[in-house]
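Quick note on labels: first sequence line is chain A, next is B, and so on, each numbered from 1. None of the values given here were measured: they were computed from a predicted structure.
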Amino acid sequence: MPELPEVEIVKQSLDKKIKQKKIKRVIIKNRNLRFKIPLNFEAQLKNQIITKISRFSKYIILHLSNGSYCIIHLGMSGTIHLIKKDKKKEFTNTSFYSDSNLPKKHNHVEIIIKDLDIIYNDPRRFGFIILVKNKNELDKRFNHLGPEPFFKEFNLNYVLNYLKNKKKDIKSFLLDQKFVSGIGNIYASEILFLCRINPNKKAKRLSLHELKKIIHFSKVVLKKAIIRGGSSIRNFKNTSGKNGSFQKEFNVYQRENLKCLKYKCLGKIKKKVTGNRSTFFCNICQK
DNA sequence: AAGAGGCCCTGATAGC
DNA sequence: TGCTATCAGGGCCTCT
């Protein structure tokens, strides 16, 4: 599910609700995620204080009082739910995929703090929760990832050098976390639409002006999505203010055969599938 | 090294 | 209604 903006919203919500709280108990209901949760996981979390919650790319990081870190990735279908123990009432902004009720199936991990249960749910199990001992190991875990669009390192010089001589199309690179981290399949299409660049265009053939636009609109789209509370593209049933609203502002994603929204453009949005992933674009105004 | 493709999984929806 | 096929917001791994 989540790309950088959705993960950021979850992180902000956790920051408000669980910072400086002590972990009383951890219950694992299903150890099978992308990486199997080790048997000593519960003991290593118990009695730790969550001193800080941060995010890098699509990863949420819980900083623990003994200097270790708990890294959470939501994969395609992971959600985090905060349940008030007595009333079993769920807080907002922690769920994009599911409705406001705690799912009955696939609750893998429960982290119990004083007045809350933090529940990790992941039907498809593409996500994971891992512990790393220290900052060094944390950095190592993220070593292969490129800068976020917001970082200074994501500049013209970097982009130009990275993409010169590359044979793949630009959309593949926006999805390539080694090049830039945090962008996923929705925002890649949306960014390229605003750039007026055809997703099939070879990366090395982009002009300096086009590279500048990619840098610019990557920031613009992700920032706006964060302000809108992310995108909630499934389970619209519970719209009690808990879902993000950026999906209402999609220009191309899931708009196949609909009219291009660029002023005076007569194009229709096309969908192209490569490697099992859909790309949406206007084949008239995106050159 | 870079690129293409497969695979990990369940659930919602579309089509018959 | 009940089957089957397709698709889904990600990333890791292998092969060429």
Side-chain angles (χ1 to χ4, degrees), chain A residues 1-11 29-37 55-60 71-80 94-99 103-108 120-130 141-146 148 161-191 200 202-204 221-222 225-226 228-238 243-250 252-257 271-280:
Chain A
M1 150 194 126
E3 304 182 34
L4 186 153
E6 290 74 31
V7 179
E8 173 63 21
I9 296 300
V10 175
K11 179 247 160 186
K29 299 201 163 151
N30 185 349
R31 291 184 189 275
N32 296 315
L33 288 173
R34 170 179 289 280
F35 309 118
K36 192 152 192 161
I37 299 172
R55 177 195 60 72
F56 176 65
S57 184
K58 304 171 188 173
Y59 301 80
I60 291 166
I71 305 173
I72 304 171
H73 194 286
L74 301 173
M76 287 281 258
S77 58
T79 48
I80 295 175
T94 50
S95 166
F96 284 88
Y97 185 79
S98 60
D99 60 26
K104 292 182 175 62
K105 291 174 76 176
H106 309 298
N107 292 321
H108 287 77
Y120 179 88
N121 179 287
D122 190 358
R124 292 180 73 183
R125 300 188 216 150
F126 290 169
F128 62 82
I129 300 186
I130 57 170
R141 185 63 185 70
F142 296 137
N143 202 25
H144 65 295
L145 296 173
E148 291 185 3
N161 273 310
Y162 196 100
L163 296 181
K164 71 178 176 192
N165 305 326
K166 293 288 197 298
K167 288 174 184 158
K168 281 194 299 179
D169 57 88
I170 181 58
K171 201 256 185 170
S172 307
F173 283 104
L174 290 184
L175 288 184
D176 182 351
Q177 307 295 300
K178 286 196 284 291
F179 169 57
V180 58
S181 63
I183 298 171
N185 203 39
I186 292 178
Y187 297 116
S189 284
E190 294 297 321
I191 289 164
N200 304 309
K202 300 298 174 204
K204 63 175 176 183
V221 169
L222 296 192
I226 292 169
R228 294 284 182 270
S231 305
S232 311
I233 63 166
R234 228 168 290 170
N235 280 11
F236 287 97
K237 288 160 199 163
N238 269 340
N243 292 323
S245 66
F246 192 76
Q247 68 281 355
K248 293 173 190 163
E249 299 181 38
F250 288 165
V252 286
Y253 189 78
Q254 287 187 337
R255 294 197 64 249
E256 188 183 13
N257 292 325
K271 172 176 161 179
K272 188 193 173 197
V273 179
T274 17
N276 243 343
R277 316 216 69 184
S278 301
T279 304
F280 298 86

Worksheet entry | Whole angstrom value for the distance that separates C1' of B:dC9 from CG of A:D122 | 9 Å
Worksheet item: Of A:N121, A:T79, A:N30, which is the lone residue that meets side chain to side chain donor-acceptor pair (under 3.5 Å) with A:N107?
Response: A:N121
Measure all distances between protein nitrogen or oxygen atoms and nitrogen or oxygen atoms of nucleotides 2-5 of chain B, and list the pairs falling under 3.5 Å.
from	atom 1	to	atom 2	distance (Å)
B:dG3	OP1	A:K167	N	2.4
B:dG3	OP1	A:K168	N	3.4

Worksheet, complete the sentence: CG (A:L222) and CD (A:E3) are apart, to the nearest 0.5 Å, by 8.0 Å
Discussion item. Rounded to whole Å, how long is the line connecting atom CG of A:L33 with atom C1' of B:dC9?
Written reply: 11 Å
Worksheet item: Looking at residues at least two apart in the chain, or sitting in another chain, which of them share a ring pair (Phe, Tyr, Trp, His ring centres under 6.0 Å) with A:Y120?
Response: none
Can you tabulate the close N/O pairs, meaning under 3.5 Å, that link protein atoms to atoms of nucleotides 14-16 of chain C?
none

Worksheet entry | Distance, P atom - from C:dT6 to B:dG6, rounded to whole angstrom | 15 Å
Discussion item. My understanding is that only residues two or more places apart in sequence, or in another chain, count here; which of them pass side-chain contact (heavy atoms from CB on, under 4.5 Å) with A:K105?
Written reply: none
Worksheet, complete the sentence: The salt bridge (charged side-chain N to carboxylate O under 4.0 Å, His left out) partners of A:E249 (sequence neighbours excluded) come to A:K224, A:R228
Worksheet item: With no angle test and no hydrogens, is the base of B:dC9 tied to the side chain of A:R125 by a donor-acceptor pair under 3.5 Å?
Response: no
Fill in: No-H, no-angle donor-acceptor pair, A:R277 side chain to C:dA8 base, under 3.5 Å
no
Worksheet item: Under 4.0 Å between a side-chain N or O of A:H144 and OP1 or OP2 of C:dC12?
Response: yes
Worksheet item: Any stems for DNA chain B, made of 3 or more Watson-Crick or G-U pairs in a row, each with both distances under 3.5 Å?
Response: B:2-8 with C:10-16, B:10-16 with C:2-8
Response to the item:
side-chain contact (heavy atoms from CB on, under 4.5 Å) filter on A:A188, not counting sequence neighbours, yields A:K171, A:L174, A:L175, A:I183
Practice prompt. Mark this stacking check for A:F126 against C:dG11 as yes or no, applying ring centres under 5.5 Å and ring planes under 30°.
Written response: no
Worksheet item: Taking only side-chain nitrogens and oxygens of A:K58, does any of them come within less than 4.0 Å of OP1 or OP2 of C:dG10?
Response: yes
Worksheet item: Quick one: salt bridge (charged side-chain N to carboxylate O under 4.0 Å, His left out) partners of A:K168, sequence neighbours excluded?
Response: none
Worksheet item: Choosing from C:dC12, C:dA8, B:dG11, which nucleotide comes nearest the side chain of A:K105?
Response: B:dG11
Worksheet item: Quantified in whole Å, what is the P atom distance between nucleotide B:dC9 and nucleotide C:dT14?
Response: 16 Å
Worksheet, complete the sentence: Whole-Å distance, A:Y162 OH to B:dA1 P, equals 12 Å
Worksheet item: Within this structure, what is the NZ-to-P distance between A:K178 and C:dG10, rounded to whole angstrom?
Response: 15 Å
Item to complete: Identify whether any heavy atom of A:Y187 sits under 4.0 Å from a base atom; if not, whether one sits that close to sugar-phosphate; answer base, sugar-phosphate or nothing.
Response: nothing
Practice prompt. Please identify each residue that fulfils side-chain contact (heavy atoms from CB on, under 4.5 Å) with A:K272, with sequence neighbours left out.
Written response: A:N200, A:T274, A:F281
Fill in: Output field: ring centroids A:F246/A:Y253 closer than 6.0 Å
no
Discussion item. Could you tell me how far apart A:N243 (CG) and C:dG9 (P) are, to the nearest whole angstrom?
Written reply: 17 Å
Worksheet item: Can you tell me how far P of C:dG9 sits from CD1 of A:I191, to the nearest Å?
Response: 15 Å
Practice prompt. Please name all residues satisfying salt bridge (charged side-chain N to carboxylate O under 4.0 Å, His left out) with A:R141, sequence neighbours left out, ordered by chain then number.
Written response: none
Worksheet entry | For A:Y162, ring pair (Phe, Tyr, Trp, His ring centres under 6.0 Å) partners two or more places apart | A:Y158, A:F179
Response to the item:
Regarding the side chain of A:H106, the nearest nucleotide among C:dG10, C:dA8, B:dG11 is B:dG11
Discussion item. Taking 4.0 Å as the cut-off, does a side-chain nitrogen or oxygen of A:H73 come that near to OP1 or OP2 on C:dG10?
Written reply: no
Worksheet, complete the sentence: Between CG of A:N30 and C1' of B:dC9 the distance, given in whole Å, is 11 Å
Discussion item. Classify A:Y59 by what it touches in the nucleic acid, base, sugar-phosphate, or nothing, heavy-atom distance under 4.0 Å.
Written reply: sugar-phosphate
Fill in: Atom-pair distance (CG on A:L74; P on C:dG10), nearest Å
11 Å
Worksheet, complete the sentence: ring pair (Phe, Tyr, Trp, His ring centres under 6.0 Å) filter on A:H73, not counting sequence neighbours, yields A:Y59, A:F128
Discussion item. For the NZ atom of A:K167 and the NZ atom of A:K204, what is their distance to the nearest 0.5 Å?
Written reply: 6.5 Å
Practice prompt. Report the nucleotide, chosen from C:dG11, C:dC12, C:dA8, that has the shortest atom-to-atom distance to any side-chain atom of A:S278.
Written response: C:dA8
